[in-house]
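See structure below.
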Amino acid sequence: MKLAGLKSIENAHDDSVWAAAWVPATETRPALLMTGSLDETVRFWKSDDLVLERTNTGHCLGVVSVAAHPSGVIAASASIDSLVRVFDVDTNATIASLEAPPSEVWQMQFDRKGTTLAVAGGGSASIKLWDTATWRLTATLSIPRPEVSKPSDKSGSKKFVLSVAWSPDGKHLACGSMDGTISVFDVARGKFLHHLEGHHMPVRSLVFSPNDPRKLFSASDDAHVHIYDVEGKSLIGAMSGHASWVLSVDASPDGEAIATGSSDKTVRLWDLRMRAALQTMSNHTDQVWGVAFRPGIRAAGRLASVSDDKSISLYDYS
């Protein structure tokens, strides 16, 4: 397995690009790459040549997260303005505006069936679940506070929730916090299950293996990538190689590799069987906030990366 650089777009946005996600193909159009930027816009790009399809406005502050519904018809963007905007991908018509208190909207992800949008709740120390049929808030999964808290203990702020990930079977949700802990929830019962320990700095990105609902990958400011057995509550692997914060992680559709983006300005490809970095890509000149594999077959594999340098890079994954 390897990455080969295909194309880079300089000044893809007018400011730092903080988020990327692939919008699945529909009957009428191929898959698109969606990017979100501090310039307050969401942009859509053709998936093989990064030709700009359109620019969406609708936020009054920078976009911190984007998520695509599995149907490919709708998508969501989350901003520092604490608004989640749900919109039609092809027309940009607003479908719903999900409001939250300040600092309570960060990363988000639709479940594989597309029935629920999970939003990392920042300072609320929770995950918010929104029903995609009614766009009503259906549940708040809260991280339990420590039973014994000292007056000097600001544990509430440490549980600031930055990242969220669905297991492929939809049974579990995991969220990563500022203090390095990962919390796991049983979705059907709306119940906190346990913490996964091992990181000591913020966990900014999480992704489950696409073909093993027990396996979770995490990216942390401690420069490590961890592999957890979510049900066994155990750390089963740790990989290092980045020189600084690991800001993003995604799993390849075949489940054999992961890619990471870092504040060391590189993208790395990791072989999960060897548990080692195979390749380091140095296309960017500033920290890499997002990496995203295009869903689909390995024969037409694609990886995208986005950065504070305002650029997007596209790679062939084979």
Side-chain angles (χ1 to χ4, degrees), residues 18-21 34 36 42 59 61-69 75-86 96-112 116-132 135 137-145 155-167 170 172-187 190-196 199 201-208 216-221 226 228 230 245-251 261 289-292:
W18 281 359
M34 173 171 53
V42 173
H59 289 289
L61 287 170
V63 176
V64 294
S65 178
V66 290
H69 189 273
S77 53
S79 164
I80 304 168
D81 61 16
S82 290
L83 184 75
V84 175
R85 182 172 176 265
V86 184
S97 293
L98 316 177
E99 294 186 22
S103 293
E104 290 192 11
V105 172
W106 294 91
Q107 280 182 15
M108 55 190 177
Q109 188 184 15
F110 288 95
D111 70 319
R112 200 173 262 193
T116 308
L117 176 67
V119 180
S124 68
S126 67
I127 304 170
K128 310 280 188 186
L129 301 185
W130 298 84
D131 183 300
T132 60
W135 294 109
L137 183 65
T138 55
T140 298
L141 307 178
S142 296
I143 301 173
R145 290 184 174 277
S155 59
S157 63
K158 292 179 187 171
K159 291 289 183 236
F160 193 101
V161 178
L162 296 162
S163 51
V164 66
W166 284 95
S167 62
H172 294 115
L173 270 166
C175 64
S177 298
M178 199 75 88
D179 67 353
T181 58
I182 297 165
S183 306
V184 180
F185 295 88
D186 177 316
V187 178
K191 186 184 173 194
F192 168 79
L193 294 178
H194 47 259
H195 290 306
L196 299 172
H199 288 299
M201 292 176 74
V203 176
R204 297 183 191 270
S205 185
L206 294 168
V207 66
F208 277 87
L216 177 71
F217 307 104
S218 60
S220 170
D221 287 8
H226 283 178
Y228 291 95
V230 166
W245 302 358
V246 190
L247 301 171
S248 52
V249 60
D250 197 23
W289 277 107
V291 288

Report the distance from atom [atom1] of [X] to atom [atom2] of [Y], rounding to the nearest 0.5 Å.
X      : Y      : atom1 : atom2 : answer
Ser183 : Leu141 : OG    : CG    : 10.5 Å
Lys159 : Cys175 : NZ    : SG    : 9.0 Å
Trp18  : Ser79  : CH2   : OG    : 9.5 Å
Asp221 : Met178 : CG    : CE    : 8.5 Å
Asp250 : Ser205 : CG    : OG    : 7.5 Å
Ile182 : Asp179 : CD1   : CG    : 10.5 Å

Return the set of residues passing side chain to side chain donor-acceptor pair (under 3.5 Å) with [X] (not counting sequence neighbours), or none when no residue passes.
X      : result
Thr132 : none
Ser163 : none
Ser142 : none
His172 : none

Would you say the side chain of [Y] lies within less than 4.5 Å of the side chain of [X], judging by non-hydrogen atoms?
X      : Y      : result
Val86  : Trp130 : no
Pro202 : Leu162 : yes
Leu117 : Leu98  : yes
Val161 : Ser177 : yes
Val64  : Ile80  : yes
Ile143 : Phe185 : yes
Ser77  : Val66  : yes
Leu129 : Leu173 : yes

Here's a test for you: under side chain to side chain contact (heavy atoms under 4.5 Å, CB included), which of Leu206, Val207, Thr116 qualifies with Trp166?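 When side chain to side chain contact (heavy atoms under 4.5 Å, CB included) is applied between Trp166 and each of Leu206, Val207, Thr116, only Thr116 qualifies.
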What is the minimum heavy-atom distance between [X] and [Y], and which atoms define it?
X      : Y      : value
Ala96  : Trp135 : CB-CG, 3.6 Å
Val291 : Gly261 : CG1-N, 3.9 Å
Val203 : Ser218 : CG1-CB, 4.1 Å
Ala20  : Ala292 : O-CB, 4.0 Å

May I ask you to decide if the ring planes of Tyr228 and His199 are parallel, tilted or perpendicular, using 30° and 60° as cut-offs?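 Rings of Tyr228 and His199: perpendicular, over 60°.
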Would the number of heavy atoms belonging to other residues, nucleotides or ligands and lying under 6.0 Å from CH2 of Trp289 be above 12?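 Above 12, so yes.
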Give every donor-acceptor pair under 3.5 Å between a side-chain atom in residues 100-108 and any protein atom, sequence neighbours left out.
from: Trp106; atom 1: NE1; to: Ser103; atom 2: O; distance (Å): 3.4
from: Gln107; atom 1: NE2; to: Arg204; atom 2: O; distance (Å): 2.6

Contacts of His195 that satisfy ring pair (Phe, Tyr, Trp, His ring centres under 6.0 Å) - sequence neighbours left out: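 If we apply the ring pair (Phe, Tyr, Trp, His ring centres under 6.0 Å) test to His195, skipping adjacent residues, the hits are Phe192.
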